[in-house]
Amino acid sequence: ASDEAISSAADVSAYVTAALQVLVTSRPTAVNLADACNKLTQAAKDAAAARSATAASVVEAVVEAAEAYHQADLAINQAIGRYGAEATLARATGKSSGLRVMTCCNTGSLATSGYGTALGVVRKLHSDNLLEHVFATETRPYNQGSRLTAYELVYENIPGTLICDSMAAYKMSLGEVDAIVVGADRVTANGDTANKIGTYALAVAAQFHKIPFFVAAPATSIDISMATGAEIPIEQRSSQEITHSFGNQVAADGIQVWNPAFDVTPGSLIHGIITEFGVAYKTSPEAGKEASHDLQSFLKSHTSAVKLATNTFTPLGDSDVLKSYVQTKVEVAAFLGGDPCEWSTKEVGDGNINFVYLIEGPSNSIVVKQALPYVRCVGESWPLAQDRARLEAEALMEEARLCPAHVPKVWLYDDAMKTIFMRFIEPPHIILRKGLCQGVIYPHLAEHMAEFMASTLFHTSRLAMSEIDFREAVSKRTNVAMCAITEQVIFLEPYGIAENNRHTSPELDDVVAALRQDNEAKQAISQLKHKFVENCEAFLHGDLHTGSMMCTPESSLVIDPEFAYYGPMGFDIGSFLANLFLAYFSQEGHANSDNQRTEMRDWLKVTIIDTWELFLAKFLALWNARVADGAPIAAYPDLLFSAQISNGAEALANAQKHYMKNLFKDTIAFMGCEIIRRIVGIAHVEDLESIADQSKRAACEKKALSFAREMMVNPESVQDIRATMEVAEK
């Protein structure tokens, strides 16, 4: 296609889709080809749908997806090679080494990513010094064996002999073949296998001579939607492949030609089907029936509910199920490295809502998070919409795009299984709250969090997005289920008598009773809930606290945006500052004769002030840079605020001042209600809970509640963050 014809992201996606569809139709028998093309097509479509997509970005995404598929295919082939080498050695009668293997067509580096399936088994046997010789059939009529496999054997210095297809049975009769391994283009649920023409004849001869016959193929070549091989479409090749040789006609004019590219070998003739999951052996024959393969059960045992073929949601509550599922994500399996038996799994979540696992492989580690259809710690009696997983994945990817230094990479999101694959945040990173409880000082925390909040909040607001893009984003990012939880546990239950509530008793009984009779507090929290529900200002993290960060003194990473939605900016900022204040108020409870925690308290004070002031500076810098670039600002259009009109610059300066003043007021009020709910609601914080002396803990909590109530009810009483800090110190 010409450059003129492809100028946009949509053009690239359409071109890639059309080109790959042609590739799929060229080999209708080959299910694995269709699988690869479908994944690359989806990569193109997803990239083109991104908000800032360009032709170049879609091309880059397709190239990256192709390279990832290549690496994953290599890992799959190597796993097939390992399992296949073990299987052929185990089934070759009386042989512990020196195997003589026969194969057909080409299934090596030239046909795959660089290792091979059936020829990968040969390659593994050779590298382990277990192979004596390989016999490759020429594979008429297109001669892939003589043109390709023979070349690979010579190139790799693997001892091999090329034979005509018609010589194979005689070679077996001489007792010079210990096993046969071939590839596959499609395998049906009962093990019937479509492969290059001539495979069926090899299987029949192998059965007669009692030679184990194996098929080597990735699990994506198994098509359980087809019950038997009778359903497999078999393409017909050109008659000239038979009537001509080297361009010259060798057959009589007028002769009819039948030239199927493939034949179908019954599963009953196949000893085992080698996949990256292991070997599926045929079942014992039932009365009156031939032995066959139950590949649906085989896949189910490795992927749970046949994830490969049916995309059915299945909880990953078992280590073996988890490993098998991860194997289906070929790029992730390649990243982990090694065989699944070498992987270790460990649950690292808090167990409240989701499954969160760490998977460690020989090469790398990764985290897998799965959203269940209910609150995990409660059970199915508290259902929870699983779409929260999509929103969390989108939030992480959007935050990583806007602030990559402070958000872990998301590898992929699987909507069918509601799973997010993301970077494992390596030690010495720990949850920030735990570090604060231990008295660890994080000198760059304020800078990092100001950068994160300014970047993510500004760029997802009407200050940086067009009205159309903004409205579309709001419509797609409505997190109903998780917002309902927030509304219940933050804006409702702490101010009434609710089963979920708890507090330090009896020390706080009077304080809590007074709060539930506090009409000013009830009015304030109702107004804040109104803002939370109706003010769609930016795409929020939604639960931004010190437990949703992993840090070292030099690094800060924000995680777990499962409550992400479009809401008031002050909610995110206030939540984070509230948790710093909770740490600040807890210091007296942690103080002892050896450590008065003075340094920690002073650092928290400075960090709270710096976080807001740096955020303010960075947010306004982004705003002013956009104005300087002449970029449109939907919230403050040029018609009213352009520097080119009379008083336009002054109007914009006043608008900025008013905007930030209101944002600070919202921040302070939301900060207050977050502190209150962490002391008298359902979800408390380790900062205070870890104070062993209950009377000391209650004293800290009373100070925090008094401060929080004042900030929530009267946020306009403080003009800036320094004045807020002065109130906290009283």
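Throughout, numbering of the chain's residues begins at 1 and tracks the sequence.
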Please list all pairs passing the ring-ring contact (aromatic ring centres under 6.0 Å, His included) test where one or both residues lie in residues 700-730, with sequence neighbours left out. Phe581-Phe707, Phe585-Phe707
ring-ring contact (aromatic ring centres under 6.0 Å, His included) between Tyr636 and Trp623, intermediate numbers included: CA-CA 11 Å; Tyr636 297 92; Trp623 192 340; 5.4 Å; yes
Side-chain ion pair, Asp560 and Lys369, N-O less than 4.0 Å: yes
Using side-chain heavy atoms (C-beta onward) and a distance below 4.5 Å, is His448 in contact with His406? yes
Give the intermediate values and the outcome of ring-ring contact (aromatic ring centres under 6.0 Å, His included) for residues Phe563 and Tyr565. CA-CA 6 Å; Phe563 286 80; Tyr565 88 114; 9.6 Å; no
Is there a donor-acceptor pair closer than 3.5 Å between any side-chain N or O of Tyr566 and the backbone N or O of Ala473? no
If only atom types and distance count, is the side chain of Asp693 paired as donor or acceptor with the main-chain N or O of Gly589 below 3.5 Å? no
Would you check if there is a donor-acceptor pair between the side chains of Asp509 and His503 at a distance under 3.5 Å? yes
Is there any salt bridge (charged side-chain N to carboxylate O under 4.0 Å, His left out) pair reaching into residues 583-592, and which pairs are they, with sequence neighbours excluded? Glu588-Lys703
Report the C-alpha separation of Glu360 and Ser344 in whole Å, then their side-chain angles, then the decisive distance to 0.1 Å, and conclude whether the side-chain contact (heavy atoms from CB on, under 4.5 Å) test is met. CA-CA 5 Å; Glu360 296 178 289; Ser344 65; 3.4 Å; yes
Salt bridge (charged side-chain N to carboxylate O under 4.0 Å, His left out) contacts in which one or both residues fall within residues 433-453, not counting sequence neighbours: Arg433-Asp687, Lys434-Glu686, Glu447-Lys618, Glu451-Lys618
Residues Tyr495 and Asp518: side-chain donor-acceptor under 3.5 angstrom: no
Would you say that Met482 contacts Ile485 through its side chain, given a criterion of any heavy-atom pair below 4.5 Å between the two side chains? yes
Under 3.5 Å, is there a donor-acceptor pair between the side chain of Arg626 and the main chain of Ala464? yes
Could you walk me through whether Leu358 and Ser365 pass side-chain contact (heavy atoms from CB on, under 4.5 Å), step by step? CA-CA 7 Å; Leu358 167 63; Ser365 300; 4.0 Å; yes
Using only atom types and a distance under 3.5 Å, with no angle test, would you say the side chain of Asn714 pairs donor to acceptor with the backbone of Glu716? no
Is the Phe670 ring parallel, tilted or perpendicular to the Phe571 ring (thresholds 30°, 60°)? perpendicular
Which atom pair, heavy atoms only, marks the closest approach of Cys673 to Met712? CB-SD, 3.6 Å
Whether the Asn354 and Arg388 side chains hold a donor-acceptor pair (N or O, under 3.5 Å, no angle test) is what I'd like checked. yes
Do you see a donor-acceptor pair shorter than 3.5 Å between the side chains of Arg601 and Gln587? no
Per-pair distances, 0.1 Å, donor-acceptor, side chain in residues 723-730, under 3.5 Å, sequence neighbours excluded:
unit_1, atom_1, unit_2, atom_2, d
Thr724, OG1, Asp720, O, 2.9
Glu729, OE2, Lys605, NZ, 3.0

Quick one: are Glu674 and Asn579 in side-chain contact, heavy atoms under 4.5 Å? yes
What I'd like to find out is whether the side chain of Pro443 reaches to under 4.5 Å of the side chain of Pro553, using heavy atoms alone. yes
Checking Phe532 against Cys483 for the side-chain contact (heavy atoms from CB on, under 4.5 Å) test, could you report, in this order, the C-alpha distance in whole Å, the side-chain angles of both residues, the deciding distance, and whether it holds? CA-CA 9 Å; Phe532 178 85; Cys483 284; 4.2 Å; yes
State whether a side-chain donor-acceptor pair under 3.5 Å links Asn624 with Gln656. yes
Within the side chain of Asn592, is there an N or O that forms a donor-acceptor pair under 3.5 Å with the backbone of Asn595? yes
Should we count CZ of Arg471 as having more than 12 external heavy atoms under 6.0 Å? no
Restricting to non-hydrogen atoms, name the atom on Ile675 and the atom on Ala704 that form the minimum distance, rounded to 0.1 Å. CG2-O, 3.8 Å
Heavy-atom closest pair (Thr460 atom, Ala538 atom, distance to 0.1 Å) is OG1-CB, 3.5 Å
Do His590 and Ser690 make a side-chain contact, defined as non-hydrogen atoms from C-beta onward lying under 4.5 Å apart? yes
With the side chain counted from C-beta on, respond yes when Ile559 and Ile425 share a heavy-atom pair under 4.5 Å apart, and no when they do not. yes
According to the interplanar angle, ranging from 0 to 90°, do the rings of Tyr442 and Trp603 count as parallel (below 30°), tilted (30 to 60°) or perpendicular (above 60°)? tilted
Name the orientation class of the two ring planes belonging to Phe619 and Phe615 (parallel below 30°, tilted from 30 to 60°, perpendicular beyond 60°). tilted
Heavy-atom closest pair (Leu391 atom, Phe539 atom, distance to 0.1 Å) is O-CZ, 4.3 Å
With side chains defined as the heavy atoms from C-beta onward, is the minimum distance between Gln488 and Asn500 less than 4.5 Å? yes
Do other residues, nucleotides or ligands put more than 12 heavy atoms under 6.0 Å from the CD atom of Glu499? no
So, for Leu544 and Val558, which heavy atoms are closest and what is the spacing to 0.1 Å? CD1-CG1, 3.8 Å
Any ion pair linking Lys702 and Glu507 (charged N to carboxylate O, less than 4.0 Å)? no
Indicate whether the side chain of Asp543 and that of His541 have a donor and an acceptor atom separated by less than 3.5 Å. no
Taking only distance into account, with no hydrogens and no angle test, what donor-acceptor pairs under 3.5 Å do side-chain atoms of residues 659-667 form with protein atoms, sequence neighbours excluded?
unit_1, atom_1, unit_2, atom_2, d
Asn662, ND2, His658, NE2, 3.0
Asp666, OD1, Lys531, NZ, 2.5
Thr667, OG1, Leu663, O, 2.8

Side chains of Glu701 and Val680: closer than 4.5 Å at any heavy-atom pair? no
Smallest separation among heavy atoms of Leu580 and Leu604, with atom names: O-CD2, 4.2 Å
Does any pair with a residue in residues 370-384 pass side chain to side chain donor-acceptor pair (under 3.5 Å), and if so which ones, sequence neighbours excluded? Glu347-Arg376
CE of Met397 to CG of Leu402, rounded to nearest 0.5 Å, is 12.5 Å
One thing to verify: whether Lys476 and Glu472 come together as a salt bridge, which I'm taking to mean a side-chain N less than 4.0 angstrom from a carboxylate O. yes
Looking only at the side chains, is there a donor atom on one of His444 and Ser556 sitting less than 3.5 Å from an acceptor on the other? no
